[in-house]
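A quick write-up on the structure given underneath.
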Amino acid sequence: MEIEKSLPYGEGGAEAILNVQSNTSISIAYHQLFGPHDDLMLLELDEKLLPDILNQRVTLRGQPDEDAVLCTQSKTYAIKFVGTSNSVFLIPPSNLSIALGASSNSSEKDHDNAVVASVIKVVPGSMELVEVAPRLDKLKLLLSENPYSFDEVSQMNTELTHKNKGLYSWSDLVEKVQASDEELCTGLRALAAVEIDGYWRSLDENFVDEILNMLLHNAVLNDWLLSALNEDEVLPVLEADGFPREIVRHCLGVYGSKVVDETRGGCTWRLEERPVCVHFARVILRGKKMNLERFMEEWRKKVPEGMNGSFDVLEGEVLTEKIGIETRIYAFSVSSLPSVPAERFSKLFQEKPKWEWKELQPFVRDLKVPGLSSEGLLLKYTRRSQPSADAEPIFSAR
């Protein structure tokens, strides 16, 4: 294959290269528009991604100060540049050569000496896609700017609030958060967010506490079973107490699950033990440390009758510490920790320099890094020690 000096035009294009036979050669030359062409890049793809790319089912997401990611409907990919030491020539199709300005008119003499293919760019490398976890910490931050509270229940207050900052529609979140649509939906569910008047909102903790307490109060007054709450009965009662119907239904979904009850008809909900018990533990421990025995006594008083206020349900929500002979408990929720592994482990070891596995596991089991197992995460970010063969392993910062 020969490279000639830049010629005014090239009759052939990429087709000539694609059709070249073995044991033959062709001439190529620099296109008259040869240059860096920074807007043209090569992208190396896994074959399974081709349908999404070809059918335009992908988007690039990220703000100007962020590294862009490519998102399909369900996954997020970091974009990495990989350089090459070999010369890679980019040859456009022949019809594109004309569109870019190459002359289609030539003399007979020129035609005899026509270059088969013209190089428009020498490519220094290609872009590769690496699957990564969605970057949902920003979603948590955005939703925390303006939680929905009882003060906004009136229509007037709602309209006033919408003029303020800190409210984000679905399209706003898609633009600002680096995650696929499915991952974004999952993140919104994990944060118990609800769409109100076109904006995705988290609920103020005090507001949720009022709704849950009023629900439990009315359950006692009306002899409702917490394992069989009829939506048609619950919603009108709490709406009469000033709570919006859609918010009450949302809270039923956060703290309960739907059950099939063919005898009663309508939609029936069962309050789930863990989210309800965790909620009241958070309320009691908000902003303070407590003696463990005193906490357990107060917590069990708040937990609804029939639910087991076992300490095990608080796994991943609290930590304890020994001060002399006293054991204290305080709130430390996995939901408040960064989702980036390096930041997560840094935060954990700031809180405690050494962790037993039974303590650490609830705070790291939700970490998902494509291509890296839980054991791999521990090897990468922690140092394991074991005083004796039968002792519990201890994890510290690497």
Side-chain angles (χ1 to χ4, degrees), residues 139-168 187-197 199-221 224 226 229 234-256 269 271-290 294-305 307 309 313-314 316-319 329-337:
L139 175 64
K140 191 186 307 180
L141 182 64
L142 294 173
L143 295 183
S144 69
E145 290 179 15
N146 196 350
Y148 187 76
S149 65
F150 194 75
D151 294 336
E152 291 185 48
V153 170
S154 70
Q155 183 66 30
M156 183 181 299
N157 286 339
T158 301
E159 290 176 352
L160 180 64
T161 303
H162 287 182
K163 297 177 183 178
N164 298 332
K165 294 182 179 180
L167 295 175
Y168 301 96
L188 288 168
R189 284 195 297 270
L191 294 171
V194 58
E195 189 175 20
I196 303 171
D197 297 328
Y199 297 94
W200 283 93
R201 312 285 299 277
S202 61
L203 298 183
D204 178 75
E205 290 181 354
N206 292 325
F207 186 35
V208 174
D209 190 47
E210 289 182 60
I211 295 175
L212 197 53
N213 279 312
M214 189 60 69
L215 173 62
L216 295 173
H217 176 70
N218 278 292
V220 174
L221 290 180
W224 293 339
L226 298 184
L229 294 169
V234 172
L235 297 189
V237 172
L238 267 71
E239 189 175 30
D241 290 324
F243 300 102
R245 181 178 289 253
E246 289 305 313
I247 301 301
V248 175
R249 183 183 287 112
H250 172 72
C251 287
L252 287 172
V254 172
Y255 293 99
W269 296 86
L271 285 190
E272 297 294 345
E273 188 172 271
R274 188 178 191 279
V276 173
C277 291
V278 167
H279 169 80
F280 286 117
R282 287 176 176 172
V283 171
I284 295 169
L285 293 173
R286 194 176 297 164
K288 62 184 177 183
K289 297 182 179 181
M290 289 182 67
R294 180 166 158 256
F295 163 77
M296 292 298 293
E297 182 181 349
E298 190 173 336
W299 181 47
R300 282 170 176 154
K301 287 179 181 178
K302 279 189 168 289
V303 170
E305 186 177 349
M307 291 190 177
V313 303
L314 299 182
E317 295 292 336
V318 299
L319 286 177
I329 183 173
Y330 59 98
F332 188 77
S333 177
V334 64
S335 63
S336 67
L337 298 175

Qualifying residues under side-chain contact (heavy atoms from CB on, under 4.5 Å), relative to [X], sequence neighbours excluded:
{"X": "L319", "answer": "Y330, F332, E351, K352, W355, F363"}
{"X": "A192", "answer": "H250, V254"}
{"X": "V318", "answer": "L285, F311, L314, I329"}
{"X": "E272", "answer": "S257, R270, P275"}

Next item on the list: For W299, check ring-ring contact (aromatic ring centres under 6.0 Å, His included) against everything at least two apart and list the hits.
Entry: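 Expected list: F295.
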[atom1]/[X] to [atom2]/[Y] distance, rounded to the nearest 0.5 angstrom?
{"X": "M290", "Y": "E297", "atom1": "CE", "atom2": "CD", "value": "9.0 Å"}
{"X": "L203", "Y": "I196", "atom1": "CG", "atom2": "CD1", "value": "6.0 Å"}
{"X": "Y255", "Y": "L216", "atom1": "OH", "atom2": "CG", "value": "11.0 Å"}

Which atom pairs, one a donor and one an acceptor, fall under 3.5 Å between side chains of residues 235-248 and the rest of the protein, sequence neighbours left out?
residue	atom	partner	partner atom	Å
E239	OE1	R245	NE	3.3
E239	OE1	R245	NH2	3.0
D241	OD2	N218	ND2	3.2
E246	OE1	R249	NH1	3.1
E246	OE2	R249	NH1	2.5

Notebook entry, point to check: salt bridge (charged side-chain N to carboxylate O under 4.0 Å, His left out) with E273: which residues, sequence neighbours excluded?
Noted result: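 Applying salt bridge (charged side-chain N to carboxylate O under 4.0 Å, His left out) to E273 gives none.
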Notebook entry, point to check: Is the side chain of R201 donor-acceptor paired with the backbone N or O of N146 at a distance under 3.5 Å, no angle test?
Noted result: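 Answer holds: yes.
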Check: Are any side-chain N or O atoms of K140 and backbone N or O atoms of G187, one a donor and one an acceptor, separated by less than 3.5 Å?
Finding: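 Pair absent, no side-chain N/O of K140 close to backbone of G187.
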I'd like a table of donor-acceptor pairs (distance under 3.5 Å, sequence neighbours excluded) in which one partner is a side-chain atom from residues 204-214, with atom names and distances.
residue	atom	partner	partner atom	Å
D204	OD2	N206	N	3.1
D204	OD2	F207	N	3.2
E205	OE1	R286	NE	3.2
N206	OD1	R286	NH1	2.8
D209	OD1	N213	ND2	3.2
D209	OD1	H279	NE2	2.9
D209	OD2	N213	ND2	3.3
N213	ND2	D209	O	3.0

For [X], give me all partners under side chain to side chain donor-acceptor pair (under 3.5 Å), at least two apart in sequence or on another chain.
{"X": "S335", "answer": "S333"}
{"X": "K289", "answer": "E321"}
{"X": "W269", "answer": "E231"}

Next item on the list: List the steps and the verdict of side-chain contact (heavy atoms from CB on, under 4.5 Å) for W224 and L215.
Entry: CA-CA 10 Å; W224 293 339; L215 173 62; 4.2 Å; yes
Note to self: Apply side-chain contact (heavy atoms from CB on, under 4.5 Å) to residues L188 and L139 and explain how you reach the verdict.
What the structure shows: CA-CA 8 Å; L188 288 168; L139 175 64; 3.9 Å; yes
Checklist line | Sub-4.5 Å side-chain heavy-atom contact between P304 and L271 | finding: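 Result no, sub-4.5 Å side-chain heavy-atom pair not found.
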